[in-house]
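We name chains A, B, ... by the order of the sequence lines, and we start the count at 1 in each one.
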Amino acid sequence: MDSQVIATQPTSAHGEHGHSPHLRHHFATVAQQREAASFGMWLFLLTEIMFFGGMFTAYLIYRNWYYPAFVAGSHWMIMWAGTLNTTVLICSSFTMAMGVYSAEMRNRKALLRYLFITLCFGIVFLGIKAYEWHDEWEHHHVPGLNFSINDFTHVDQRYPQDKPLAPDMAEKTQAYFSLYFMLTGVHALHMLVGVSILVVLLFHAWRGAYTTGHMTTIENFGLYWHFVDIVWIFLFPLLYLISRHQ
Amino acid sequence: MTEPTRHDQLDLEPTLYEHHVVSPKVYLGVFGALLCFTALTVAASYLELGVFNAVVAIAIAVTKAVLVILFFMHIRYSSRLLKLTVASGIFTFLVLITLTLSDYISRAWGLW
C-alpha cells in the first residue's frame, strides 16, 4: 500500500513521458506493472499449492493404507453442512469476482457492496465450520484432545450396513480425523486471514481507494480468495463424498 | 511526425497483453455452472458406483477448479507468462504426487 510514496516522485524524473500517477517508476507501462503484480501473486499461490499439496498427498497415502478406518471416519461428516459450505464459498467467489469488476468500472458503491457480501459469506462459512468442529468434539472425534474409538467399534444406526471395525483399525480413524482437522483447520486459517484482509480492504475502499484506476490490491486479493475456494472444492469431495458407499 | 519514444515502443511490444475486462454475464454463467456441478457431485455421491465414486467426484472437482482458474482468476484472458506459471504449479504438484506414490508402491510390497 506504499503506492502513494512511489507515485509522489518529482515529475521531472519522468522526462518526456507523462503517465498515470499509479505507475511506479521502474515499470515502463501500466500493463507491464499489472502483469508483474499478477505474476508475483501467482508465484505465492504456487507455494500455497505445494503447501496444501503435501497434506493432500498424505491424505491419499493414509487413505490407501487404512482404508476401512477412513471410510468409517468420513461417514461421520455432516453432509448438509459440507454442501452448504461449498455453496457459500462458491457464492463468495462470485461476489468477489464482481467486486473486482466493480473496481475496474470505478464504481465505489458496488465495490463496497460486493466486498461486504463476500465478507459475510466468509464469516458464515467459518460459523458453519465451527458448528461441525463442535459436533465432532461432542462425539469424541478429536484425536489427542477428546477421542474415543467407541463410535467405530459399534454399528451406527445411520450406517447399519457398516461392519464394526476391529479395535486396532478403529484406532486408525485418528489418522483420518488428524488429517481432517489439519486440512480444514489450515483452510479455515486461510479464510480467517482472508476475512481480516477484507475488513481492511473495505475500510480503504470506503475512503475511496481502488476505484481510481489502481486496483492491484483488489485483484490480487481476489486471486487469493479464489484460491482458498479451490482448496475447499477439493477438500469437500475428499473428506465428505468419496467414501459414502464403501 | 515525431520519432516514437522508447515509451511508445514498449506500448507496442506484442508480449504485453491487452487488459481484458471480464463481463458480469461470464461471471454469472460460471457461477451457475459451479452450483450445478456442486449439486451433481453431491447427487453422484449417493449413487453406488464402486471405485467410480471417487473418480467422478475428483473429475467434477477438477472441472470446477479449472472454471474458477480460467474465468474468476482471469487466466483465460491472461498472458502466456501467467498461463505457463499456473501450468507449472499444477505440474509441480503432479510431480509431488507421482514421485511420492511411486516410492510407496515400489517398496515394501504387500505391506500397505
Side-chain angles (χ1 to χ4, degrees), chain A residues 15-17 19 28-32 34-35 38-39 42-43 45-50 52-54 56-58 60-61 64-65 79 82-83 86-87 90-91 93-98 100-101 104-105 219 222-223 225-227 229-231 233-238 240-246, chain B residues 5-8 10-11 13 15-19 21-24 27-28 30-31 34-35 37-39 41-42 44-51 53-58 60-62 64-65 68-69 71-75 78-79 81-82 85-86 88-90 92-93 96-97 100-101 104 112:
Chain A
E16 78 281 9
H17 57 281
H19 56 57
T29 61
V30 170
Q32 189 192 47
R34 288 186 91 118
E35 171 95 346
S38 300
F39 182 54
W42 269 104
L43 287 185
L45 292 183
L46 295 199
T47 70
E48 290 272 78
I49 292 178
M50 296 310 280
F52 281 101
F56 277 115
T57 311
L60 197 63
I61 287 165
N64 275 300
W65 224 330
M79 272 302 289
T83 309
T86 310
T87 312
I90 287 173
C91 292
S93 252
F94 171 67
T95 53
M96 190 61 227
M98 288 306 294
V100 172
Y101 174 77
E104 200 107 51
M105 295 294 110
E219 265 189 312
L223 291 180
W225 193 262
H226 297 313
F227 173 80
D229 183 23
I230 289 176
V231 172
I233 284 177
F234 284 99
L235 284 182
F236 176 53
L238 287 179
Y240 293 74
L241 298 181
I242 59 177
S243 300
R244 289 182 58 84
H245 276 284
Q246 275 82 7
Chain B
T5 62
R6 176 97 182 107
H7 181 247
D8 293 336
L10 278 168
D11 261 349
E13 178 69 42
T15 55
L16 288 178
Y17 73 109
E18 193 68 35
H19 184 65
V21 180
V22 186
S23 99
Y27 286 147
L28 212 56
V30 172
F31 176 52
L34 289 173
L35 289 181
F37 277 124
T38 304
T41 194
V42 173
S45 79
Y46 283 91
L47 303 174
E48 177 70 71
L49 302 172
V51 69
N53 273 118
V55 175
V56 168
I58 301 294
I60 292 175
V62 168
K64 285 164 78 183
V68 172
I69 291 173
F71 296 100
F72 283 177
M73 297 169 100
H74 302 157
I75 285 302
S78 295
S79 67
L81 170 71
L82 283 184
T85 308
V86 178
S88 71
I90 294 163
T92 318
F93 172 60
L96 169 77
I97 289 207
T100 313
L101 285 186
Y104 272 100
W112 73 290

Notebook entry, point to check: Is B:N53 reaching over with its side chain to a backbone N or O of B:A44, donor-acceptor style, under 3.5 angstrom?
Noted result: yes

Check: Under a 4.5 Å heavy-atom cut-off, does chain B meet the side chain of A:I90, its backbone, both or neither?
Finding: both

Notebook entry, point to check: Of all residues at least two apart in sequence or in a different chain, which pass the ring-ring contact (aromatic ring centres under 6.0 Å, His included) check with A:F227?
Noted result: none

Notebook entry, point to check: Which is it for B:H74 and A:S38 under the side-chain contact (heavy atoms from CB on, under 4.5 Å) test, yes or no, and what are the steps along the way?
Noted result: CA-CA 10 Å; B:H74 302 157; A:S38 300; over 6 Å; no

Checklist line | Plane angle bin for B:F93 and A:F56 - parallel if under 30°, tilted between 30 and 60°, otherwise perpendicular | finding: perpendicular

Item checked: Residue of the set B:L49, B:L47, B:T41 for which side-chain contact (heavy atoms from CB on, under 4.5 Å) holds with B:V56 -> B:L49

Next item on the list: Measure distances from B:V30 to the heavy atoms of chain A and classify the residue's part below 4.5 Å as side chain, backbone, both or neither.
Entry: neither

Item checked: Under 4.5 Å from any heavy atom of chain A - which part of B:T38 -> side chain

Notebook entry, point to check: With distance as the sole test, does A:D229 use its side chain to make a donor-acceptor pair with the main-chain N or O of A:W225 at under 3.5 Å?
Noted result: no

Check: What part of A:M96 is in contact with chain B, defined as an atom under 4.5 angstrom from a non-hydrogen atom: side chain, backbone, both or neither?
Finding: neither

Next item on the list: Please look at B:F71 and chain A and tell me whether the side chain, the backbone, both or neither of the residue comes under 4.5 angstrom of a heavy atom of that chain.
Entry: neither

Item checked: chain A contact via B:L28 - side chain, backbone, both or neither, heavy atoms under 4.5 Å -> both

Next item on the list: May I ask you to test the B:T92-A:L46 pair for a side-chain heavy-atom distance under 4.5 Å?
Entry: no

Check: Which atoms of A:S93 come close to chain B, meaning under 4.5 Å heavy atom to heavy atom: side chain ones, backbone ones, both, or neither?
Finding: both

Checklist line | When A:Y240, A:Y101, A:F236 are compared by non-hydrogen pairs under 4.5 Å with chain B, the top option | finding: A:Y101

Check: Tell me, side chain or backbone of A:V231 under 4.5 Å from chain B's heavy atoms, or both, or neither?
Finding: neither

